[in-house]
Amino acid sequence: MYNFKEIEKKWQKYWEENETYKFDFNGDNKIYCLEMFSYPSGAKLHLGHWYNYSVPDTWVRFKRMNGYNVYQPMGFDAFGLPAENYAIKTGIHPKDSTEANIKNMIEQIKAIGGTFDWHNDVVTCRPEYYKWTQWMFLKLYEHGLAYQKEAPVNWCPSCNTVLANEQAQGGICERCGSEVIHKNLKQWLFKITDYADQLIDDLDKIDWPEKTKTAQKNWIGRSKGAIIKFKIKDSEESFEVFTTRCDTLYGCTYCVLAPENPLVDKIVKEENLNAVEKYKKETSKLSEIDRTSTVKEKTGVFTGAYAINPINGREVPIWISDYVLASYGTGAVMAVPAHDERDFEFATKFNLRIIRVIEGCDLPYIEEGKYVNSPILDGFSSKEEAINKMIEFLEENNYGYKKVNYRLRDWSVGRQRYWGAPIPIIYCDDCGVVPVPEEDLPVELPYNVEFTPDGESPLAKCEEFVNCTCPKCGKKAKREVDTLDTFVCSSWYQFRYADPFNKEMPFSKEKVNKMLPVDKYIGGAEHSCMHLIYSRFFTKALRDMGYLDFDEPFASLIHQGLILDANGAKMSKSKGNTISPDDYVDKYGSDILRTYLMFAFSYTDGGPWSEEGIKSIDRFYKRILNLIEEFDGNDSDERYDDVDYVLNNSIKCIRNDLDNFQFNTSISRIMEYLNILIKKKSEGLSIPKHYLEQLILILAPFAPHFTEEMWEKLGHTPSIHNEKYPMYDESKMVKNTFELVVQVNGKVRGKITVSSDISKEEMEEIALKNDNVKKHIEGKGIIKVIVIPKKLVNIVVK
RNA sequence: GCCGGUGUGAUGGAAUUGGUAGUCAUGCCUGACUCAAAAUCAGGUGGGCUUUGCCCGUGUCGGUUCGAGUCCGACCACCGGUACCA
């Protein structure tokens with residue numbers, strides 16, 4: 001009887017006491033494998049965590065058995081909104097609930113029986129860690145990459161608080177259901193846009209899924225175009241527009257400003273004032289979703305003012321409309337209704353002039369064509385040439401210039417929340433904005449704070465926190481009360497693992513250069529555009545400041561798929577269809593759960609959970625157990641050719657598959673090997689020990705506890721995980737015969753077993769002699785014969 | 001709408017990258033053991049037919065090729081991301 005509970009505990013204890021998996025920082029041949037650290041919001045590890053941690057652990061174990069020194073650390077991304085909301089609801093302090101959750105989760109992760117290195121301490125909400133998060137902020141500030149600006153936030157007027165995007169979905173406050181408005185607040189931002197080009201271009205250097213790279217490129221949204229300056233008629237004012245189609249400038253018949261554009265107030269005419277004010281008010285009420293809906297009809301009002309098209313001096317009306325966003329480009333566009341769908345829709349609705357400048361079919365015409373009504377572009381028909389010519393002309397006449405624009409915006413990092421790392425800034429009446437000196441870090445987050453939302457950052461209400469002295473002049477001063485976005489904490493944790501106990505620095509340059517980049521990073525695809533861009537930005541910024549010498553944090557990336565419920569639906573607490581890994585660890589043990597997760601899905605796809613599926617793995621291990629328990633003591637080196645073939649083929653396939661994270665097919669190969677051993681035994685043959693040892697060795701990364709126990713049963717001393725992974729022998733995989741497939745016009749008409757060393761000519765000859773093949777070519781002319789060595793012959797007849 | 005991805009037996013999923021479609025499992029069927037059931041073991045299992053063999057079959061329609069699940073074009077369905085980006 002195999003008591004998995006006792007056995008799993010026994011070996012976990014053994015590994016811990018013997019530090020079987022301790023990483024050697026000074027060793028060679030390192031692999032740094034990192035799974036995205038988890039967020040301890042719930043008290044329990046869910047199946048997704050299990051999938052994320054246990055499966056890559058098999059890859060790590062495989063690498064270890066191949067002589068690599070593998071580092072697989074664990075930590076917790078412990079700051080964040082859910083803990084704070086939980087506290088508001090229950091009164092349990094975020095620090096207490098978070099630390100308690102971490103404790104639970106560590107126990108659960110340990111139950112996996114992984115090779116995780118617990119000799120480190122990366123928990124983002126602890127002062128030893130966030131001291132360095134604050135240090136990061138100071139360094140970015142010092143280098144001009146952190147700055148303050150008025151920026152719009154989601155604001156709930158009823159709760160009197162700032163909302164995260166996810167709390168304001170659909171423009172409705174998640175807490176009270178009232179309409180969310182946008183409000184400008186002074187915010188801290190990181191200048192990630194400085195790195196926009198590198199963030200796109202360096203994607204070529206990394207081994208990431210193509211779809212993730214594409215997602216990042218789209219997110220950053222580089223577009224090449226031009227700035228064109230428009231003067232305002234009878235006024236000193238002017239404005240700039242950004243356009244990717246400056247070639248259509250002659251077709252510009254009006255301009256549109258974002259309603260929030262400050263210029264609007266300066267140019268609006270008396271008789272249009274009421275309409276403009278009313279429209280502005282309506283726009284501010286609209287949620288971003290409503291405002292940007294493509295199904296919504298275009299709206300807008302005329303300001304009464306006119307702009308001068310610099311290219312031809314034409315006076316064009318200036319409108320405002322919510323389809324122009326203040327946050328992108330210059331907050332103003334030139335409208336060319338003939339060649340832009342949105343402008344066309346708008347012009348048609350408001351009866352504005354439409355001038356065609358490119359020949360082609362129906363308007364709006366956005367394709368290439370011959371330019372018309374465009375003096376300086378006469379004779380052009382290539383868009384690219386026309387754009388270049390126009391930019392040249394604009395620059396010569398000081399009407400505008402070439403410009404690259406990005407969809408990416410600077411990263412707003414200030415949060416009006418309690419549960420985050422305080423921003424290390426002090427405001428002094430005399431000295432202004434003063435960064436906290438490095439030696440005063442960390443700026444500790446006080447424990448006793450009232451964090452029920454009331455319109456102010458919770459830290460603002462904590463007097464002993466706010467009041468301080470200015471580090472420069474020593475006078476009374478006040479601390480910044482906003483905290484940092486948790487994405488700041490998770491942007492650099494991969495570096496801290498390289499040097500987790502450093503008290504002088506977040507990490508030493510030498511150690512970080514030795515350990516990084518991460519060789520294999522594994523986590524959900526939902527982080528494609530936030531965490532995975534922010535970490536890349538941090539890496540590049542730290543490199544430019546001289547703290548490290550590489551360009552990218554994660555050399556290779558894999559996204560695990562999603563495990564769905566038995567009906568194929570996403571699991572969620574609200575739907576009540578979650579599956580707890582603990583129940584299955586309890587019922588079948590960690591090895592079986594892990595193997596099932598590997599066997600049932602392709603790792604990057606995921607799929608629906610199946611109760612029958614996990615039972616089949618249970619059966620698989622029972623069959624192995626029987627084979628080992630019924631071992632007859634045959635210690636000879638007796639071999640069977642067919643067993644050798646399957647064994648070596650399996651090893652070869654597994655080695656290849658594991659390198660590609662294809663766990664499901666690897667397990668199929670082990671099953672094939674097991675099946676042939678069982679078959680031999682059922683034929684009454686004895687299975688020599690060396691075959692059993694190979695079975696247990698190839699299985700070791702997949703079932704660490706079970707194989708350790710079987711290894712011991714076969715008379716070995718632990719640990720099997722320090723053994724070498726079996727290597728295959730090509731010579732055992734040579735077959736003397738193969739099945740020659742004969743096709744006639746591409747259809748299989750015969751299969752003949754032939755000797756492996758026959759020539760192409762012989763293959764053809766044998767094929768043509770086959771009775772069934774003869775039937776199909778009878779009375780027809782052979783046009784040609786295609787021979788693929790060791791595979792098939794295709795006879796083409798007519 | 002745009003950008004990605006996926007579509008293969010009853011089910012999860014394979015397919016050496018253009019060369020025998022369905023590895024390995026699950027389920028189901030048959031048999032053995034059993035008073036019986038479960039468990040276990042053995043065999044079978046894409047559909048159809050006039051069954052030495054033939055026809056059909058990888059979402060649909062078309063194309064390239066001696067040969068297509070794989071490549072190309074159009075379409076359909078589902079999933080994920082994103083939201084008028086000028």
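Every chain is numbered from 1, with letters handed out A, B, ... down the list of sequences. This is a predicted model, so every value here is computed, not measured.
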| request: Assign Gln743(A) to base, sugar-phosphate, or nothing according to its heavy-atom contacts below 4.0 angstrom with the strands shown. | output: base
| task | In whole angstrom, give me the gap between the P atoms of U6(B) and G57(B). | result | 24 Å
| Closest nucleotide among U82(B), C54(B), U40(B) to the Arg619(A) side chain | U40(B)
| Counting just side-chain N and O atoms, does Arg342(A) come under 4.0 Å of either OP1 or OP2 of C85(B)? | yes
| Which of these nucleotides, G27(B), C85(B), G19(B), is closest to any side-chain atom of Tyr328(A)? | C85(B)
| field | Rounded interatomic separation in angstrom, taking CZ from Arg245(A) and P from C84(B) | value | 20 Å
| Rounded to the nearest Å, what distance is computed from the CH2 atom of residue Trp219(A) to the P atom of nucleotide G4(B)? | 17 Å
| query | Under 4.0 Å between a side-chain N or O of Ser223(A) and OP1 or OP2 of A86(B)? | reply | yes
| said: Is the phosphate of G12(B) approached by Asn664(A) (side-chain N or O, under 4.0 Å from OP1 or OP2)? | reply: no
Side-chain donor-acceptor contacts of residues 206-213 of chain A below 3.5 Å, not counting sequence neighbours, with atom names and distances?
unit_1, atom_1, unit_2, atom_2, d
Asp207(A), OD2, Ser556(A), OG, 3.1
Trp208(A), NE1, Phe554(A), O, 2.8
Thr212(A), OG1, His559(A), NE2, 2.8
Lys213(A), NZ, Leu203(A), O, 2.9
Lys213(A), NZ, Ile206(A), O, 2.8

| Any side-chain N or O of His339(A) less than 4.0 Å from the OP1 or OP2 oxygen of A86(B)? | no
| field | RNA chain B base-pair string [pairs: Watson-Crick or G-U under 3.5 Å; |: paired with another strand] | value | (((((((..(((......[....)))((((((.......))))))((((...))))..(((((..]....))))))))))))....
| Using a cut-off of 4.0 Å on non-hydrogen atoms, how would the nucleic acid contact of His527(A) be classed: base, sugar-phosphate, or nothing? | nothing
| query | OP1 or OP2 of U20(B) sitting under 4.0 Å from any side-chain N/O of Lys790(A)? | reply | no
| task | Would you please confirm or rule out a distance under 4.0 Å between OP1 or OP2 of C54(B) and any side-chain N or O of Arg749(A)? | result | yes
| query | Should Lys211(A) be listed as having a side-chain N or O under 4.0 Å from OP1 or OP2 of G5(B)? | reply | no
| message | Please enumerate all residues that pass side-chain contact (heavy atoms from CB on, under 4.5 Å) together with Lys681(A), with sequence neighbours excluded. | response | Leu627(A), Glu630(A), Ile687(A)
Return all side-chain donor-acceptor pairs below 3.5 angstrom for residues 785-794 of chain A, not counting sequence neighbours, or 'none' if the list is empty.
unit_1, atom_1, unit_2, atom_2, d
Asn794(A), OD1, Gly746(A), N, 3.0

For residues 332-339 of chain A, run the donor-acceptor check on the side chains, cut-off 3.5 Å, and write out each pair with its distance to 0.1 Å, sequence neighbours left out.
unit_1, atom_1, unit_2, atom_2, d
His339(A), ND1, Tyr365(A), O, 2.7
His339(A), NE2, Val357(A), N, 3.0
His339(A), NE2, Ile358(A), N, 3.2

| query | In chain order, what residues pass the ring-ring contact (aromatic ring centres under 6.0 Å, His included) check against Tyr584(A), with sequence neighbours excluded? | reply | Trp609(A)
| request: Look at the side-chain N and O atoms of Arg669(A) and state whether any lies under 4.0 Å from the OP1 or OP2 oxygen of U16(B). | output: no
| task | Examine C85(B): is either OP1 or OP2 under 4.0 Å from a nitrogen or oxygen in the side chain of Arg222(A)? Give yes or no. | result | no
| Asn675(A) side chain near U23(B) phosphate (N/O to OP1/OP2, under 4.0 Å) | no
